[in-house]
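Notes follow the structure.
These numbers were taken from a predicted model, which means no experiment stands behind them. Both backbone and side-chain heavy atoms feed into the values below; hydrogens, waters and symmetry mates do not. Sequence lines set the chain letters: A, B, ... in the order given, protein chains first and strands last, and positions in each chain run from 1.
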Protein chains: 2
Amino acid sequence: MTEAVTTPATRRYSGRDAGERSAARRERLLEAALDLFGTEGYQVTPIDRLCSAAKVSTRHFYQEFTNKEAVLIALHSQITEDALTATATALAEAPAAPIEARLVAAVTAYLRTIISDPRRVRVSFVEVVGASPAVEQTRLEYREAIIATVTHEGEAAIARGEIPPRDFRFAALALIGALNSVVYDWSLHQRKSADELEVALVALATTLLTG
Amino acid sequence: MTEAVTTPATRRYSGRDAGERSAARRERLLEAALDLFGTEGYQVTPIDRLCSAAKVSTRHFYQEFTNKEAVLIALHSQITEDALTATATALAEAPAAPIEARLVAAVTAYLRTIISDPRRVRVSFVEVVGASPAVEQTRLEYREAIIATVTHEGEAAIARGEIPPRDFRFAALALIGALNSVVYDWSLHQRKSADELEVALVALATTLLTG
DNA sequence: CCAAAGCGAAAAGATACATTTTCGATTGTG
DNA sequence: CACAATCGAAAATGTATCTTTTCGCTTTGG
């Protein structure tokens, strides 16, 4: 049998292999999307704008994403998973703490991740809402993930006898909604410092979940 | 001088004058918009669908509205003003009551107006969010109107010595956001009765504003 | 240095809508 | 009844994308 030793069909370019170049384009597109969706808005940004801002040709755009909607979903996922990871880490660092302390850690971590960039605020609190059926679906899925985390934490605290039982789905939804609108308003008007915002929201979370 | 006695350029049709016919078309369009925007979504509804659902020709559509965006804005205004009117009426009916009672009356009235129709919930809590720059602007304006009402009520209660001072802008934003997400979730899943929802949200409002 | 991989820019093609205009059929009015 | 307003339906037009394809220029690897 003669071995068909196939030379890799791909070639290195500017020192990077195909996968790296593709990943770099994808990243530039996501950065451009954060910027344009987060300042001008998803609906009013055509793919062309996205491509020129990212310095990616439309040919390559379609190599990375199916369409504009897919970019928004990827961006939203990235932002949200970032925040959820930060939250999980913060919780893991206070493993045996009482619910109040865990709550402060979690909310602070979540908040800081999001408000570190006003464009993130706008994308995850405004642009993804009702953008399209598919986007709306992932938004609701992430929402369920947050509700699950809150509920899990809450039930554990109840089991430890730290707080009385309550409807955590309701509390989580109230907290999520309150956070969204307060943070978005803050990012628009900056009426208080980030620290003051944090204090106010941590207090709110405490009231809603353990108060 | 010969008087140019102009016969009215308009004629009655099916018993209605031009203004009435036009108003009827407008109303049918708004009803169709409530239905389509509130079940399928604003972004995915083309003007054609709107027109056929409303039994209005596209020619007449453009006699009533500039474009689809104008319909959404008109619909949103109608829903919101409905709710604000109900709230104002409820407040007017308890003129000398303490803040807690006024709050219960206001929140109940607001809630009932909105949840009376799940399509209203979706339009005012989801579809208008980030739909377009102009829509977003009116959404934020209505939000400011609600904040102003809440603040006004709250300051009055402070003046009467019923509650200590607080940041009502923050409290109002938190309440609005919490209401939005809780009510939207309720309209999707109906995990509790409308009465239970009402009770939970009134309690939440009381905590946020006077607790 | 050459053949092929890869690239960016831009043309070309395809849609989906938005918006305007036309047209024949109704319906009041005098 | 006649004629003009009005109508609904649909054709025609315009436009802004989206998406695919072409093309000539670079870069790489042998």
- prompt: Would you say the side-chain atoms of Thr45(A) pair up with the backbone N or O of Phe37(A), donor to acceptor, closer than 3.5 Å?
  reply: no
query: Any chance CZ of Arg16(B) has more than 12 other-residue heavy atoms, nucleotides or ligands included, within less than 6.0 Å?
result: no
- line: To the nearest angstrom, the CZ-P distance between Arg25(A) and dA9(C) comes to 12 Å
message: Expressed as a whole number of angstroms, how long is the span from Leu50(A):CG to dG8(C):P?
response: 15 Å
query: In whole angstroms, how far is the C1' atom of dG28(C) from the CD atom of Glu20(B)?
result: 15 Å
- prompt: Should Ile47(B) and Tyr62(B) count as side-chain neighbours, where that means a heavy-atom distance under 4.5 Å?
  reply: yes
message: Using heavy-atom distances to pick each residue's nearest nucleotide on DNA chain C, tell me which of Gly15(B) and Val44(B) is more 5'.
response: Val44(B)
Value in whole Å for how far the C1' atom of dA5(C) lies from CZ of Arg16(A): 17 Å
query: How does protein contact run along nucleotides 19-24 of chain C, one letter per nucleotide 5' to 3', with B for base contact, S for sugar-phosphate only, - for none, heavy atoms under 4.0 Å?
result: BBBB--
query: Where the side chain of Pro46(B) is concerned, which of dG8(C), dT6(D), dC17(C) is the nearest nucleotide?
result: dC17(C)
message: I'd like to know if the side chain of Glu69(A) pairs up with that of Tyr42(A) as donor and acceptor (distance under 3.5 Å, no hydrogens or angles considered).
response: no
- line: Output for pair (Leu30(A) CG, Leu50(A) CG), nearest 0.5 Å, gives 8.5 Å
task: May I have the distance from Arg12(B) (atom CZ) to dT26(C) (atom C1'), rounded to whole angstrom?
output: 18 Å
- request: Compute whether any side-chain donor of one residue and acceptor of the other, for Ser22(B) and Glu64(B), lie under 3.5 angstrom apart.
  value: yes
- request: Calculate the interatomic distance between Glu69(B) atom CD and dA18(C) atom P; express it in whole Å.
  value: 12 Å
query: Does Arg102(A) reach the main-chain N or O of Leu91(A) with its side chain, forming a donor-acceptor pair under 3.5 Å?
result: yes
message: So for the helix from dC1(C)-dG30(D) to dG30(C)-dC1(D), with five pairs setting each end axis, what is the inter-axis angle to 10°?
response: 0°
message: Between P on dC7(C) and CD on Gln63(A), what's the gap in Å once rounded to a whole number?
response: 7 Å
message: Main chain of Val56(B), side chain of Arg25(B): is a donor-acceptor contact present, judged purely on distance under 3.5 Å?
response: no
task: Could you tell me whether a side-chain N or O of Arg26(B) sits under 3.5 Å from a main-chain N or O of Phe65(B), the two making a donor and an acceptor?
output: no
- prompt: Can you find an N or O donor on one side and an acceptor on the other, under 3.5 Å apart, linking the side chain of Tyr13(A) with the base of dT28(D)?
  reply: no
query: Considering only dG29(D), dC7(D), dC7(C), which nucleotide approaches the side chain of Arg11(A) most closely?
result: dG29(D)
query: What is the distance, rounded to the nearest whole Å, between atom CG of Asp17(A) and atom P of dA5(C)?
result: 17 Å
